[in-house]
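This structure is a prediction, so every number in the text was calculated from the model and none was measured. Numbered from 1 within each chain, the chains take letters A, B, ... in sequence-line order.
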Amino acid sequence: GAVVSQHPSWVICKSGTSVKIECRSLDFQATTMFWYRQFPKQSLMLMATSNEGSKATYEQGVEKDKFLINHASLTLSTLTVTSAHPEDSSFYICSARLIRTGVNSPLHFGNGTRLTVT
Amino acid sequence: SQQGEEDPQALSIQEGENATMNCSYKTSINNLQWYRQNSGRGLVHLILIRSNEREKHSGRLRVTLDTSKKSSSLLITASRAADTASYFCATGGTGAQKLVFGQGTRLTINP
């Protein structure tokens with residue numbers, strides 16, 4: 001149980017275009033989802049907390065107009081990288097926490113999306 | 001900003017040996033969690049220890065937590081080649097939803 005599906009697993013796009021990444025909780029509902037970015041051989045950097053039905057909370061230094069997050073349902077959150085540039089190339093990972101569980105509960109992660117901007 | 005510091009950054013041992021990884025953090029926590037990441041994949045939750053717990057076991061995993069030193073350790077006993085991965089600690093602050101991840105330890109088990 002508690003499977004998170006992230007799609008696509010990899011994407012190559014041209015500079016200036018936008019890319020949408022989907023994060024779905026397949027067998028559970030998630031009020032809260034998290035989006036992370038990871039550079040090679042480094043840790044996960046939290047970008048934003050996505051709450052169903054409300055605006056996302058962005059971490060300091062993350063441009064909300066560039067990284068658009070939508071959490072329209074209890075099973076789907078999307079991250080859109082707008083006007084992508086080569087420096088946006090990275091590994092993006094989403095995670096979700098089961099609905100009605102508190103902070104003392106684990107996160108369930110998708111398998112990540114490798115974005116390459118040419 | 002990242003709160004956790006992990007030590008060592010990389011660890012290479014022989015199959016069958018025990019592997020110990022350490023994590024230090026800076027602020028008060030509600031819980032500390034350990035995750036595993038295989039190369040190019042997402043993270044998998046291993047174990048969670050609450051701030052009022054000192055030790056926890058799960059199969060070949062043993063986690064300790066010392067809140068006075070703001071540190072935790074993850075011990076993997078009788079390591080296997082399949083344990084090769086990166087291991088991250090993550091801390092949940094009081095009342096905070098989000099987790100802050102440490103820098104990770106890259107563990108290599110040599111057959």
Side-chain angles (χ1 to χ4, degrees), chain A residues 1-7 9-10 21 23-25 30-52 54 56-62 90-115, chain B residues 1-11 21 23-25 28-53 56 58 61 63 65 85-108:
Chain A
V3 176
V4 175
S5 173
Q6 190 172 338
H7 179 81
S9 56
W10 61 270
I21 302 170
C23 180
R24 292 182 184 272
S25 54
T31 310
T32 305
M33 293 186 176
F34 303 89
W35 287 95
Y36 291 86
R37 181 174 180 175
Q38 185 179 34
F39 292 102
K41 296 185 179 181
Q42 294 190 25
S43 186
L44 282 74
M45 181 190 77
L46 179 65
M47 298 175 66
T49 301
S50 170
N51 296 297
E52 186 266 338
S54 64
T57 303
Y58 289 82
E59 295 298 301
Q60 191 173 11
V62 178
S90 191
F91 192 57
Y92 294 87
I93 312 176
C94 72
S95 66
R97 177 176 281 136
L98 269 73
I99 193 172
R100 287 188 287 276
T101 61
V103 296
N104 283 322
S105 60
L107 295 182
H108 304 281
F109 283 81
N111 276 326
T113 297
R114 174 76 57 194
L115 171 63
Chain B
S1 61
Q2 298 297 336
Q3 171 168 237
E5 296 288 334
E6 295 192 54
D7 169 54
Q9 291 188 358
L11 177 62
M21 290 159 271
C23 167
S24 61
Y25 56 92
S28 297
I29 63 170
N30 196 302
N31 65 77
L32 187 143
Q33 304 181 32
W34 286 89
Y35 288 81
R36 166 197 168 123
Q37 183 182 32
N38 286 80
S39 181
R41 308 282 285 181
L43 278 70
V44 175
H45 178 259
L46 296 177
I47 196 165
L48 181 154
I49 186 166
R50 299 190 183 204
S51 59
N52 60 354
E53 297 176 312
K56 206 163 183 179
S58 177
L61 306 180
V63 169
L65 178 64
S86 291
Y87 292 82
F88 294 91
C89 68
T91 52
T94 303
Q97 293 188 68
K98 63 186 182 183
L99 292 181
V100 178
F101 283 81
Q103 296 301 307
T105 294
R106 291 191 305 280
L107 176 65
T108 302

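Neither the backbone nor the side chain of A/Gln60 comes within less than 4.5 Å of any heavy atom of chain B. Heavy atoms of B/Gln37 lying under 4.5 Å from chain A belong exclusively to its side chain. For A/Leu107, the parts sitting under 4.5 Å from any heavy atom of chain B are the backbone and the side chain alike. No part of A/Ser95 comes within reach of chain B, as not one of its non-hydrogen atoms sits under 4.5 angstrom from that chain. Within the 4.5 angstrom heavy-atom criterion, atoms from both the backbone and the side chain of B/Arg41 approach chain A. For chain A, the nearby part of B/Leu48 is the side chain; its heavy atoms alone come within less than 4.5 Å.
Note that the CZ atom of A/Phe34 and the CG atom of B/Leu99 stand 6.5 Å from one another [nearest 0.5 Å]. Distance CZ/B/Phe101 to OH/A/Tyr36: 4.5 Å, rounded to 0.5 Å.
At distances below 3.5 Å, at least one donor-acceptor pair connects side-chain atoms of A/Ser43 with backbone N or O atoms of B/Gly102.
Contacts with chain B were tallied for A/Pro106, A/Ser9, A/Gly112; A/Pro106 has the most, counting heavy-atom pairs under 4.5 Å.
Closest non-hydrogen pair, A/Leu46 versus B/Lys98, comes out as CD2-CD, 3.4 Å. Between B/Phe88 and A/Gln42, the shortest heavy-atom contact is CZ-O, 4.0 Å.
For CD of B/Glu53, the number of neighbouring non-hydrogen atoms (other residues, nucleotides, ligands) closer than 6.0 Å is greater than 12.
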